[in-house]
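Residue numbering restarts at 1 for every chain, and letters A, B, ... go by the order of the sequence lines. Just so it is clear, the values below take in all heavy atoms, side chains as well, and ignore hydrogens, waters and symmetry mates. Because the structure is predicted, anything quoted here is derived from the model rather than measured.
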Protein chains: 2
Amino acid sequence: MSLPIPGKPVRGSKSGNHLMALFDLLGRSWAMGIIWRLNEGSCTFRALQERCESISPTTLNRRIKELTKAFLIERTVDGYALTEQGKEIFELLAPLESWARVWAKNFKEDA
Amino acid sequence: MSLPIPGKPVRGSKSGNHLMALFDLLGRSWAMGIIWRLNEGSCTFRALQERCESISPTTLNRRIKELTKAFLIERTVDGYALTEQGKEIFELLAPLESWARVWAKNFKEDA
DNA sequence: TAAATTTGCTACATTTTACGTAGCAAAGCT
DNA sequence: AGCTTTGCTACGTAAAATGTAGCAAATTTA
């Protein structure tokens, strides 16, 4: 499945630098979006699919498996949910939201 | 080139939510890595390629163009460099490093 | 308890993205 | 004038994502 594992070669670091491993994981399509949406609360596979608006089941399934093996997601009685560590990276990503709001203004000018 | 633009459909948001646009941009392969390495200082195309350890020129060129259009990278007399906004997202990503160090321990246990 | 619905996926064919190597034209250096 | 470095493009191959269809198991409903 090619899960990026710290200590083993990952994208950006042949020696497996931990940050590059994390970038490799989070830098895959939908990964951050899934974490973001899952923070709204645990839910079923199909509900998560809808929250993401346009992810294919194939890709969602892959990302879920990867993120699960990476200790960021788990399966509970309520469906899929963020683990404690998953919630932690959410908190680390959270500041991006307000920043993105400002950043978005760049694009409005040069319409 | 399909640059994710806030306000227009992006991966994760048909209405173009600004955060999803940012996730779309940063979530492409090598994007965060490039920003990270560029923060070490401005450099040439080829030097950047080496810093990334294993990126192909094709992909590097693409990401550079995208990040440039997204106001995160610019070209100076010293070569490629982060813009002010580029430095800002670097600062937002920075906390991930120490977190990743702890996160990496998960993988050492189950060898 | 039998039928209908929902759920978590998988199959499969197509498109998109990334890789990797080769190499060229322009600029800089000697 | 020659040699090197630089920024990149070409091109063929491999990998990843898409999108639609649908199935088997679990759950809900009648």
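- Ranking D:dA17, C:dC19, C:dT17 by closeness to the B:Trp30 side chain, first place goes to C:dC19.
- Nucleotide D:dA17 holds its C1' atom 13 Å from the CG atom of B:Asp24, rounded to whole Å.
- Taking every side-chain heavy atom of B:Arg11 into account, D:dT18 is the closest of C:dC19, D:dT9, D:dT18.
- Protein atom CD1 of B:Ile55 is 18 Å distant from nucleotide atom P of D:dA15, rounded to whole Å.
- A search for ring pair (Phe, Tyr, Trp, His ring centres under 6.0 Å) contacts involving A:Phe45 returns nothing, not counting sequence neighbours.
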Could you run down the sub-3.5 Å N/O contacts of the protein with nucleotides 3-8 of chain C?
{"residue": "C:dG8", "atom": "OP1", "partner": "A:Phe45", "partner atom": "N", "Å": "3.0"}
{"residue": "C:dG8", "atom": "OP2", "partner": "A:Phe45", "partner atom": "N", "Å": "2.8"}
{"residue": "C:dG8", "atom": "OP2", "partner": "A:Arg46", "partner atom": "N", "Å": "2.9"}
{"residue": "C:dG8", "atom": "N7", "partner": "A:Arg46", "partner atom": "NH1", "Å": "2.4"}
{"residue": "C:dG8", "atom": "O6", "partner": "A:Arg46", "partner atom": "NH1", "Å": "2.9"}

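- Closest to the side chain of B:Thr58, out of D:dA21, D:dT18, C:dG20, is C:dG20.
- Put simply, CZ on A:Arg28 is 17 Å from C1' on C:dT16, counting in whole angstrom units.
- Following rounding to the nearest Å, B:Leu48 (CG) and D:dT6 (C1') show an atom-to-atom distance of 13 Å.
- Atoms CG and CG, from A:Leu96 and B:Leu26 in turn, are 7.0 Å apart once rounded to the nearest 0.5 Å.
- Each of B:Gln49 and B:Arg63 was assigned the nucleotide of DNA chain C with the nearest heavy atom; the assignment lying further toward the 5' end belongs to B:Arg63.
- Considering only side-chain N and O atoms, B:Ser56 lies nowhere under 4.0 angstrom from the phosphate OP1 or OP2 of C:dA18.
- A salt bridge does not link A:Lys69 with A:Glu66: none of the charged nitrogens is closer than 4.0 Å to a carboxylate oxygen.
- The side chain of B:Arg62 approaches C:dA18 more closely than any other nucleotide in the set D:dA17, C:dA18, C:dT21.
- Computed from coordinates, the B:Asp78 CG to D:dT6 C1' distance equals 15 Å when rounded to whole Å.
- The side chain of A:Ser29 lies closest to D:dA17, out of C:dT17, D:dA17, C:dT10.
- Sorted by first and then second residue, the side-chain hydrogen bond (donor to acceptor under 3.5 Å, both in side chains) pairs involving residues 84-96 of chain B (not counting sequence neighbours) are A:Trp99-B:Glu88, A:Asn106-B:Gln85.
- Using bins of under 30°, 30° to 60° and over 60° for the plane-to-plane angle, the ring pair B:Phe90/B:Trp36 lands in the tilted bin.
- If you measure from atom CD of A:Glu53 to atom P of D:dA17, you get 19 Å, rounded to the nearest angstrom.
- A:Phe71 and A:Phe23 fall within the same hydrophobic cluster, defined by Ile, Leu, Val, Met, Phe, Trp and Tyr side-chain heavy atoms under 4.5 Å apart, directly or through other members.
- Using a 4.5 Å cut-off on side-chain heavy atoms (C-beta onward), B:Pro4 and B:Arg11 make no contact.
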